[in-house]
Amino acid sequence: MNLAVLISGRGSNFSSLVDAQKKGQIGVADIKILISNNASAKGIDYAKKNKIPFFVLSDKEWESEIVNLLKKHKIQLVCLAGFMRIISPELINFMKGWIVNIHPSLLPAFPGLNVHQRVLESKFPFSGCTVHWVDEGVDTGPIIDQRVVPVLKGDDEEKLSSRILKEEHKLYPSVVKKIADGDFVPFFMEEK
Ligand code: GRF
């Protein structure tokens, strides 16, 4: 199964997927390309290091080029990993729903930005991470899998986010493997 990973910045989830593939942990999933909408995204360095072809698309050329790239590389699953751009309905339809995202909260709680700050303010004792299919909303698509992480006394945003990130790095490869194994499909598309 051919994968494209889309990032905008740090790229630690991208790196964890690459590492998982090297260890044979994502089944037949094969990371073919990295796409960034930000030329200075740190994650690009890891693509270079691992000889994974990468492409930077500016906002201007995004709509016209993204489908061409996905077609050219015969991409079957798009993994959003810290990708800070809304996915258009056209792209979702082009991929027939085969787009997943990772989000650092227990969706449907705390979608959107500034997640950890809002979790801490809520005093909720748990947070976590979620991988979900991407639909036309922001962090609203059907949930595939989640991991729960406790919020501890003395947590600040940095401590909580790094505890959650460790779980993200295990959750994303495990979900990608299950999708590649055929355990999950974007069934919600058929209802439209
Ligand atoms: C992660 O917390 C991810 O859940 C969210 O954005 C962050 C990206 O981190 N969507 P990285 O770029 O993968 O390091």
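We use all heavy atoms of the structure for the numbers below, so side chains are in, but hydrogens, waters and symmetry mates are not.
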Is any side-chain heavy atom of [Y] closer than 4.5 Å to one of [X]?
X      : Y      : answer
Lys72  : Leu70  : no
Pro104 : Ile164 : yes
Asp30  : Met1   : no
Lys48  : Ile44  : yes
Tyr46  : Ser12  : no
Val18  : Ile52  : yes
Val134 : Val100 : no
Leu69  : Ile35  : yes

### Message
Given Leu6, which partner from the list Leu34, Asn101, Val78 fulfils the side chain to side chain contact (heavy atoms under 4.5 Å, CB included) test?
### Response
Val78

### Task
Would you sort out whether Phe55 and His73 count as a ring pair (Phe, Tyr, Trp, His ring centres under 6.0 Å), showing the intermediate values?
CA-CA 12 Å; Phe55 302 88; His73 295 274; 5.4 Å; yes

### Task
Please collect all ring pair (Phe, Tyr, Trp, His ring centres under 6.0 Å) contacts where either partner lies in residues 86-106, sequence neighbours excluded, each pair once.
Trp98-Trp133

### Task
For side-chain hydrogen bond (donor to acceptor under 3.5 Å, both in side chains), just list the numbers for Asn38 and Ser8, CA-CA rounded to whole Å, side-chain angles, deciding distance to a tenth of an Å, and then say yes or no.
CA-CA 5 Å; Asn38 168 15; Ser8 297; over 6 Å; no

#### Entry: Salt bridge Lys177-Asp181, side-chain N to carboxylate O under 4.0 Å
yes

### Query
Taking NZ, NE, NH1 and NH2 as the nitrogens, is one of them in Lys153 or Asp155 under 4.0 Å from a carboxylate oxygen of the other?
no

### Query
Sequence neighbours excluded, which residues qualify as salt bridge (Lys or Arg N to Asp or Glu O under 4.0 Å) partners of Arg147?
Glu167

### Task
Using the test salt bridge (Lys or Arg N to Asp or Glu O under 4.0 Å), find all partners of Arg85 that sit at least two apart in sequence or belong to another chain.
Asp59, Glu63

Please name the pair of heavy atoms, one in [X] and one in [Y], separated by the smallest distance, quoted to 0.1 Å.
X      : Y      : value
Ser105 : Val115 : CB-CG1, 3.5 Å
Leu120 : Asp156 : CD1-C, 3.6 Å
Met84  : Asn37  : O-ND2, 4.3 Å
Arg163 : Val151 : NH1-CA, 4.3 Å

### Query
Counting distance only, does the side-chain N/O of Gln76 pair as donor-acceptor with the main-chain N or O of Asn2 below 3.5 Å?
yes

#### Entry: Exercise: do Gln21 and Gln25 side chains pair donor with acceptor under 3.5 Å
no

### Query
Have Ser127 and His116 got a donor and an acceptor in their side chains that come within less than 3.5 Å?
no

